[in-house]
There are 4 protein chains.
Amino acid sequence: MNKTKKLIFDASIKAFSRKGFHKSTMDEIAEIAGVAKGTLYYHFKSKEDIFKFIIDEGIRLIADEVRDRTEHLSNPLEKIEAICRVQLELITDYFEFFKTMYSQMWGDEERQNQLREALSKYFNVISEYFREASKEGYIDKEKIDLIPYNFFGIMSSVIVYSLLHSDIKVSEISDLFVDIAMNGIVQR
Amino acid sequence: MNKTKKLIFDASIKAFSRKGFHKSTMDEIAEIAGVAKGTLYYHFKSKEDIFKFIIDEGIRLIADEVRDRTEHLSNPLEKIEAICRVQLELITDYFEFFKTMYSQMWGDEERQNQLREALSKYFNVISEYFREASKEGYIDKEKIDLIPYNFFGIMSSVIVYSLLHSDIKVSEISDLFVDIAMNGIVQR
Amino acid sequence: MNKTKKLIFDASIKAFSRKGFHKSTMDEIAEIAGVAKGTLYYHFKSKEDIFKFIIDEGIRLIADEVRDRTEHLSNPLEKIEAICRVQLELITDYFEFFKTMYSQMWGDEERQNQLREALSKYFNVISEYFREASKEGYIDKEKIDLIPYNFFGIMSSVIVYSLLHSDIKVSEISDLFVDIAMNGIVQR
Amino acid sequence: MNKTKKLIFDASIKAFSRKGFHKSTMDEIAEIAGVAKGTLYYHFKSKEDIFKFIIDEGIRLIADEVRDRTEHLSNPLEKIEAICRVQLELITDYFEFFKTMYSQMWGDEERQNQLREALSKYFNVISEYFREASKEGYIDKEKIDLIPYNFFGIMSSVIVYSLLHSDIKVSEISDLFVDIAMNGIVQR
DNA sequence: TATGAATGAGCGTTCATTCAT
DNA sequence: TATGAATGAACGCTCATTCAT
């Protein structure tokens, strides 16, 4: 990714996160990037192409960070919990990226199918971490493939919660949500 | 809601769920509804107004159905689980509505703030059901206000799961997701 | 003009004067008149038809009042000056009507041609008053046909003046403008 | 003003003068200018913006020409008369512009207030020329500030006259109107 | 006579994309 | 590589008019 392309990449994330995909214009992106509008089309085929690039790159960053911050853990249960916690912690840093992504998860457009496919691949990587824990009986076998979806859902809970409680920091509630994810809501 | 308004209502949900709010056009909605474009504006002030109406009406329907199908239960824990289960079951019937709603949860536009506020009110109604269960020690007090958000997240898990596994019916996986919600992912 | 038609007539003048011909809508006129929109079309062929009716009626009212308030004068010069003065005085009472009329004097549309023709007829009636004065040498023969236009121009001066000086009443400046009309701007 | 902007400028004056501001469409303007509709918006913010530009530019041109063609005159009375005459002569060259302007003098819309304010400034410049003449007793002091309005009125007389007498050239009647402006209609 | 729901042509404006330089 | 003027299809919305009742 050369210098100009990086400028466009950063500008696009900024724009999409502020106003979503459809409300962000190529003019805006160009202005934020400090390049001419035509330059966008020299480096990307289309607006959708920029989006796709951002999603791929974004998911890659998330995946890398989750891996880097949990690979030192060997206890399966600890590791799973850490993955859940790290994902929630990343919400703060990548808040705009997540909002962009979540807004594009639900439709039938090609762009949106691609996004779900990319996410699905990430889910598969994650579930691999769980197989071992499953073997050792920590985790219900049937649930393994659903856990990444569950974590995805927990993240959406946290994001919406923080959108509706702007005074509360994500870090203040993520412990509780990790607990809910791991142990459910029923008191024991 | 008279006949024409109902036609527009149904057509709009269909359109919004397929292509999202921005990509759905008034021309399309009119065509699906089988009325002239001007007729949309005779019954609604604007495209945003249609959206707002859909959300309010949709959330009301969901809330009513959840209440109707769970009010006969007196055991707190049973009731909570039922609420979770009913919400997941409703996904099938209101799939288009939910996709519409979830696609508009994340931005800063007025329409999106209103949506979150409306949902927040529904959440408050739901949490009331949990207070009793909390008193009797079934549920961790601290978690009560988070549970509706958690349920919201579980639903998003299920929707995304079903979008990525079109061969699997929601009913086939909802039991597992209810279990995850209630008891977490850790095997006991 | 029956009762309903009168309601529409009054409402239209009110609407046109507030917002001009194009910005006034049939909905507004109907609302001000307190009748249904369809009723407008029972009494008038179209919006343009309402306009035409108002202009004809308005010019007739002006013409009648000018005649009534000056016909007792026999001295030609006095009479001419009185006509000029009365016209300026009517600006206050018919301010909204005049603004409506003046805004439609300048284009090429049929409605606008008709308006100018109607005004032209009124000008001819006025000029008749001047022929006598001309015979007696009070007024330059060549100028007779131009005087109604001049009076029309003086009125536009006064209207624009009052639009730009909302603190000053028309009556406070009309004497000066009558003087300018009769004797010009050169001091003697 | 570059080439394309000039094309739009000329086309807009033509369109506005024919059909007024509201009835002129951006499509028409684009077609007359020989550019795509989008191009209008590349050079101007809105239709109102085009109008504002036309008015400002038009009044500037008029003001410049009046100044250029009268500044060599030192005799106050001669100068005043020359100003009146030049203004009437400009009607022929700027006929479309004047019709556009006069059609927008009368309403309460922002655009129309701005127009009157711009004209008012021009009036102030003109009245300055008259102060000297007033000092030397040629002109009634009280009338000074009214004279630009009077000249404005005389112009409207001439324009309406020429709209109703398309066979007569403005130059054929402007002498008489100048005479009326300077000396009034009363024979001496 | 009077209504008002329904219409659809037409408007001002936006914006992703193209292309000559 | 990069530019930015130019494009035109498409959009949300308005509103004079129609017509069944």
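Chain naming here is simple, since letters A, B, ... match the order of the sequence lines and numbering starts at 1 in each. Computed from heavy atoms alone, side chains included, the values below leave out hydrogens, waters and symmetry copies. In this text, all values refer to a predicted model and were calculated from it rather than measured experimentally.
- For C/Lys5, there are no salt bridge (Lys or Arg N to Asp or Glu O under 4.0 Å) partners at least two apart in sequence or on another chain.
- Of the two residues near DNA chain E, C/Thr4 and D/Lys23, the one whose nearest nucleotide lies more 5' is C/Thr4.
- In this entry the distance linking NZ of A/Lys5 with P of F/dA2 reads 12 Å, nearest Å.
- With sequence neighbours excluded, no residue forms a ring pair (Phe, Tyr, Trp, His ring centres under 6.0 Å) with D/Phe97.
- No cation-pi contact links D/Lys45 to D/Phe53, judged by a cut-off of 6.0 Å to the six-membered ring centre and 45° from its axis.
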Tell me which donor-acceptor pairs under 3.5 Å the side chains of residues 6-14 of chain B have, and how far apart each pair is, sequence neighbours excluded?
unit_1  : atom_1 : unit_2  : atom_2 : d
B/Lys6  : NZ     : B/Asp10 : OD1    : 3.0
B/Lys6  : NZ     : B/Asp10 : OD2    : 2.9
B/Ser12 : OG     : B/Ile8  : O      : 2.6

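- Here side-chain hydrogen bond (donor to acceptor under 3.5 Å, both in side chains) pairs that include residues 21-39 of chain C, with residues two or more places apart or in two chains, are C/Lys19-C/Glu28, C/Asp27-C/Lys37.
- Once rounded to the nearest 0.5 Å, the distance linking CG of D/Leu61 with OH of D/Tyr94 reads 4.5 Å.
- Nucleotide E/dC15 holds its P atom 13 Å from the CZ atom of A/Phe21, rounded to whole Å.
- In this structure, CG of A/Leu40 is placed 15 Å from P of E/dC15, rounded to the nearest angstrom.
- Distance, A/Tyr42 OH to E/dT21 P: 19 Å, rounded to whole Å.
- Among the nucleotides E/dC11, F/dA16, E/dA16, the one closest to any side-chain atom of A/Lys47 is E/dA16.
- Candidate nucleotides F/dA2, F/dC13, E/dC11 were compared by shortest atom distance to the side chain of A/His43, and F/dA2 ranks first.
- Atom-to-atom, NZ of A/Lys45 to P of E/dT18 comes out at 10 Å; the value is rounded to the nearest Å.
- Out of F/dT18, E/dA6, F/dT14, the shortest distance to the side chain of C/Tyr41 is found at F/dT18.
- Rounded to an integer number of Å, the gap from D/Lys19 NZ to E/dC11 C1' is 13 Å.
- With salt bridges taken as basic N to acidic carboxylate O contacts below 4.0 Å, none links C/Asp56 and C/Arg60.
- At whole-Å resolution of the value, NZ in A/Lys3 and P in F/dA2 are 9 Å apart.
- Rounding to the nearest 0.5 angstrom, the gap separating the CD1 atom in A/Ile159 from the NZ atom in A/Lys99 is 9.0 Å.
- Each of B/Arg111, B/Glu109, B/Arg116, B/Gln114 was compared with B/Gln104 under the side-chain hydrogen bond (donor to acceptor under 3.5 Å, both in side chains) criterion, and only B/Arg111 meets it.
- Sorted by residue number, the members of residues 27-39 of chain B with any non-hydrogen atom under 4.0 Å from DNA chain E read B/Val35, B/Ala36, B/Lys37, B/Gly38, B/Thr39.
- Stem regions for DNA chain E, each three or more consecutive Watson-Crick or G-U pairs with both distances under 3.5 Å and listed by first number, read E:2-21 with F:2-21.
- Straight-line distance from the CE atom of B/Met26 to the C1' atom of E/dA9: 17 Å, rounded to whole Å.
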